[in-house]
Every structure is written in C-alpha cells, then in structure tokens.
Amino acid sequence: MKLESERLIIRDALMSDAPFYFELFNDPDWIQFIGNKNLKSIEETEVYLKETLFKNLQLGGLGFFTVISKETNRPIGASTALQRDKLAFIDIGYAFLPIGRGKGYATEATKLIIEYIHTKFKQEKVLALTMPKNEKSQKLLKNIGFEFIGMQQVFENGEDCVFEYVF
C-alpha cells in the first residue's frame, strides 16, 4: 500500500523501519497513550516487526503503515487501519514522533487513511479509539469530522473513547 499527499508518503511498514519504530514505541507519549511494548533494543523491535508484518500480509491491505515526510524522506509517524474482533468496522490509529507533531501531519495522514479505507473496503464508517486522557488525539478526530459515540472496552487496559466517521 502506498498513499501520497503534498507533504507525506504513507506506505507499508518495512523491516528496515525498525530503528524508527524502536524510537516511536519508546516515546513517552506512545507509552502513555498507547501502551508500553517493553522493547529494549532495535533487535527486539525487529522481532516484533517481523511478527506484525507477517500478520499485515494476511490482512489484505490493513495493518501498520509508516508515515514519511517528503521533505526529509524520513519516517515521522505511523498510521494503522485494523479490523478488531470487538469492533464492527475498521478502526484507524496514528502516532508521531515529536519532530512530526504540531505541523498537521497526523491530520493529513489520517485523512488519507480514511479515504483509503472508504475506497478499498467500501465501509460506511471508520472508527478511532483513544484513551480518555488523550485530549489532543480526541481534538484531532473531532476536527476532521469524527464524533464521539461512547466508551467501550476493546483492550485489556480499560475502556477507550470510541469515535466514528460516517461517509
């Protein structure tokens, strides 16, 4: 999968992205708002990515995607599009390193992912989940047209805020 906007390229995650993902997974905001993967080295991250990328191949266009700045040609964030067992529709996610925050990249990438899901999977809705304390992410979702629909336990760490975007 490859998507492009004026400033970004979104493509399937690659094994060569392991140093970037090691940094992202150990970013304090990732740990606070998404969870601690407890990856202590690039090598451990490579093992995790290998498992994740194998699963992505089986998902037929869903999975983990790397967001690259066209200006620097370097990864600055990640986007996801996943069908979770507890949800009726595909849900999207995103995370950016500090260098990619505050510049509209998450909004730009999320709009591309939403359109990709609508075009490829013909879904009538897209969902997004945030921890209740992740107010910045909730604001971003609302700004691009998502609406809060309630709380639901999807993961083991408690209930998340569920947002939906209706096409």
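Keep in mind that the numbers below use all heavy atoms, side chains included, and drop hydrogens, waters and symmetry copies.
Under the 4.5 Å side-chain criterion, counting only non-hydrogen atoms from C-beta, I31 is in contact with N36. M131 is listed as a side-chain neighbour of D160, based on a closest heavy-atom distance under 4.5 Å. Looking at heavy atoms from C-beta onward, F33 lies out of side-chain contact with K136 at the 4.5 angstrom threshold. Between R11 and L3 the shortest side-chain heavy-atom distance does not fall below 4.5 Å. With contacts defined as side-chain heavy-atom distances shorter than 4.5 Å, the pair L82/I90 does not qualify. Residues K133 and Q32 form a side-chain contact, since some pair of their non-hydrogen atoms from C-beta on lies under 4.5 Å apart. Under the 4.5 Å side-chain criterion, counting only non-hydrogen atoms from C-beta, D27 is in contact with P98. Side-chain contact between V154 and R84: present, with at least one pair of heavy atoms (C-beta onward) separated by less than 4.5 Å.
Atom NZ of K111 has 12 or fewer neighbouring heavy atoms from other residues, nucleotides or ligands inside a 6.0 Å radius. Within 6.0 Å of the CD atom in Q152, the count of heavy atoms belonging to other residues, nucleotides or ligands exceeds 12. K2 NZ: 12 or fewer foreign heavy atoms inside a 6.0 Å radius. No more than 12 heavy-atom neighbours from other residues, nucleotides or ligands sit within 6.0 angstrom of CD on E71.
Hydrophobic cluster membership is shared by M151 and F146, with clusters built from Ile, Leu, Val, Met, Phe, Trp and Tyr side chains linked at under 4.5 angstrom. Taken together through direct or relayed side-chain contacts under 4.5 Å among Ile, Leu, Val, Met, Phe, Trp and Tyr, V67 and M15 form part of one hydrophobic cluster. Each of I9 and I92 belongs to its own hydrophobic cluster when Ile, Leu, Val, Met, Phe, Trp and Tyr are linked at side-chain heavy-atom distances under 4.5 angstrom. Note on F20 and I42: separate hydrophobic clusters, where clusters join Ile, Leu, Val, Met, Phe, Trp and Tyr whose side-chain heavy atoms are under 4.5 Å apart, directly or indirectly.
Heavy atoms only, all atoms of each residue included: I117 and V126 are closest at CG2-CG2, 3.8 Å. The two atoms that bring N26 and F22 nearest to each other are ND2-O, 2.8 Å, heavy atoms only. The two atoms that bring L112 and E4 nearest to each other are CD2-O, 3.8 Å, heavy atoms only. Minimum heavy-atom separation, L8 to K70: O-CE, 3.6 Å. Closest heavy-atom contact between L62 and A81: CB-O, 3.1 Å. When all heavy atoms of G77 and F96 are compared, the pair lying nearest together is CA-CD2, 3.6 Å.
Separating the CZ atom in F89 from the CD atom in Q123 is a distance of 6.5 Å, to the nearest 0.5 Å. Atom NE2 of residue H118 and atom CD1 of residue I114 lie 11.0 Å apart, to the nearest 0.5 angstrom. A distance of 9.5 Å separates CG of L49 from CG of L14, quoted to the nearest 0.5 Å. With rounding to the nearest 0.5 Å, the separation of CD1 in I34 from CG in D29 is 9.0 Å. Taking OG1 from T45 and CD from E23, the interatomic distance works out to 11.0 Å, rounded to the nearest 0.5 Å. To the nearest 0.5 Å, atoms CG (N143) and OG1 (T107) are separated by 7.0 Å.
We find that E108 and R7 are joined by a salt bridge, their nearest charged nitrogen and carboxylate oxygen being less than 4.0 Å apart.
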Give the C-alpha distance, both sets of side-chain angles, the deciding distance and a yes or no for side-chain contact (heavy atoms from CB on, under 4.5 Å) between F167 and E124.
-> CA-CA 6 Å; F167 293 102; E124 62 190 60; 5.6 Å; no

Report the C-alpha separation of T130 and L141 in whole Å, then their side-chain angles, then the decisive distance to 0.1 Å, and conclude whether the side-chain contact (heavy atoms from CB on, under 4.5 Å) test is met.
-> CA-CA 10 Å; T130 72; L141 292 169; 3.7 Å; yes

May I have the step-by-step check of side-chain contact (heavy atoms from CB on, under 4.5 Å) for I113 and M1, ending in yes or no?
-> CA-CA 11 Å; I113 292 292; M1 189 276 280; 4.2 Å; yes

Evaluation steps, side-chain contact (heavy atoms from CB on, under 4.5 Å), between N73 and I68 = CA-CA 6 Å; N73 200 33; I68 298 165; 4.0 Å; yes

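Between the side chains of Y21 and T52, no donor N or O sits under 3.5 Å from an acceptor N or O. Counting only N and O atoms by type, the side chains of Y165 and K125 include no donor and acceptor under 3.5 Å apart.
Panel note: side chain E164, backbone F148; no donor-acceptor pair is recorded below 3.5 Å.
Between Y94 and Y105, the gap from one ring centroid to the other reaches at least 6.0 Å.
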